[in-house]
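Taking it in order: structure first as structure tokens, then the write-up.
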Amino acid sequence: MNQTEIQSNAEIVLFGALGDLSRRKLLPALYQLDMEGLLHQDSRVIGVARQEHTQEEFTAFVKENLTTFVAEGLNEEVLERFIARLVYQKLDFKELDSYGTLAKTLEQGNDTRVYYYSTPPAIYGDMTEGLFKAGLIKPADRVVMEKPIGHCLASSKVINDMVSSRFSENQIYRIDHYLGKETVLNLLVLRFANSLFTNNWDRNHIDHVQITVAESVGIEGRFGFYDDAGQMRDMVQNHLLQILSLLAMEPPADLSADSVRDEKLKVLKALIPITRQNVKDKTVRGQYTEGYLKGGLVPGYLEEDGAIEKSSTETFVAIKAEIDNWRWTGVPFYLRTGKRMPAKHSEIVVQFKEQPHNIFKDSYEDLPANKLTIRLQPDEGVELQVMNKVPGISQQMAISENKLDLSFSESYGNERVIDAYERLMLEVINGNQSLFVRRDEVEAAWVWADSVIEAWKATNDKPKPYASGSWGPVSSISLIARDDRQWVE
Ligand code: BG6
């Protein structure tokens, strides 16, 4: 049995309840919490969307999506209990008066409310105003904001200002679902619970770091949203920078929300901006074309449904990021992320420095350096490459490369992998902000991301084509090869 306690009987109000995120992630996450006994018996789930729907239609919609997206299959008893929590509320998000109807629905319920904004961020301000005018924001209430918050630093400030004018910072939960992933959380444990790594984690011992977040999916019918964002805003500004900051931060004094966030912020602020002068050496943008993936032919980005013929939005990004501080000067962090790559595959490779002198030259000319691989997904695990003597009685000391491999599925086989949204939803209900991003972090991440985006704009470079099913444009290989290094595939 799990040891987590139900701490709040909050009502969950899902704005954008009929949307993609809600169908695939939020509703299944809430169902799983119910399954685990972690939703209070009085908690309701209020689905809010623009369309006119009856309660029955909403219930059918939820059932259908739970059937599709709950991998383990549904439990009839839990499903019935979960369905009984559902309420559908039509709402015109921009019509401030229509929030009065929502107020009527909510007044029958509990005191604490979690407002989950899963709509385009441009209307976060309207929703906040609507809730405020209808008297629906009380000190105990919380608001969850999906990323990307804004399109750049300036627009993110506008959105944050609007939301912050009615909610205080301790009520605001900016979600980056990578922070709820088991393996991302494990970075803290790996770094700060193992002296082996704590004491070797700096420029004196580490040669470079690679962070790869590859997906085989394309844009999954979201051309409108995606084309406006691109891989830089959709993945790098948030997920990759959060991973990077956890990897590079100084040890926090404790695990409290602000101790960890203070340290992450320092890393984000120390990122060296990319400039018009160095953008071609330090970054690569790509866009996928038609190609073979998992045995089938898939269309290119410009042939996706709803595509704009001439779009120059990137679906792949590789960047040599550098951190200007005492610990990391001279250690590149190579970031790489893309759609339509050969497989869903996310990992971190920490490449340690070579030994200064090789006493095994006679049997092994070039001693490889140790390499730590942290497999984020799938096949979650941690692997350390070490050198080892080959057993035997030969005159020469034969040695070989070996792996110490901790596979999570082998070590913790029976544990269900908890989805990031499930964990994060529970954290919001319980009022714990540790796994959410503070406003200053979002802004520092935008400062750096904007430097890249503006440098691209200034050089007017089109994204380089890469075939679906490949590891990105050839120039991403040159990006790292220029430094005499190579991507670990
Ligand atoms: C989302 C992006 O934040 O993360 C999507 O908007 C992306 O484009 C997704 O596909 C990847 O998440 P995960 O958990 O599947 O790695």
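Atoms within a ligand are numbered from 1 in the order they appear, just like the ligands themselves. Quantities reported herein were computed from a predicted structural model and do not represent experimental measurements.
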Discussion item. Please report whether the ring centroid of Y88 lies less than 6.0 Å from that of F61.
Written reply: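 No - the distance between ring centres of F61 and Y88 does not fall below the 6.0 Å cut-off.
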Discussion item. Contact between D227 and R222 at the side-chain level, heavy atoms closer than 4.5 Å - yes or no?
Written reply: no
Worksheet item: Can you tell if the side chain of T183 reaches within under 4.5 Å of the side chain of Q377, non-hydrogen atoms only?
Response: no
Fill in: Check against side-chain hydrogen bond (donor to acceptor under 3.5 Å, both in side chains), N170 and S168
CA-CA 5 Å; N170 64 13; S168 60; 2.8 Å; yes
Worksheet item: In terms of the angle between their ring planes, are W201 and W328 parallel, tilted or perpendicular, with boundaries placed at 30° and 60°?
Response: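 Perpendicular: the ring planes of W201 and W328 meet at over 60°.
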Worksheet item: Which protein residues have a heavy atom closer than 4.0 Å to any atom of ligand 1, listed by chain and number?
Response: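 Heavy-atom contacts below 4.0 Å: K147, H177, Y178, K181, E215, R222, D234, M235, H239, K339, K344, Q377.
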Item to complete: Determine whether the side chains of S434 and N432 contain a donor N or O and an acceptor N or O closer than 3.5 Å.
Response: yes
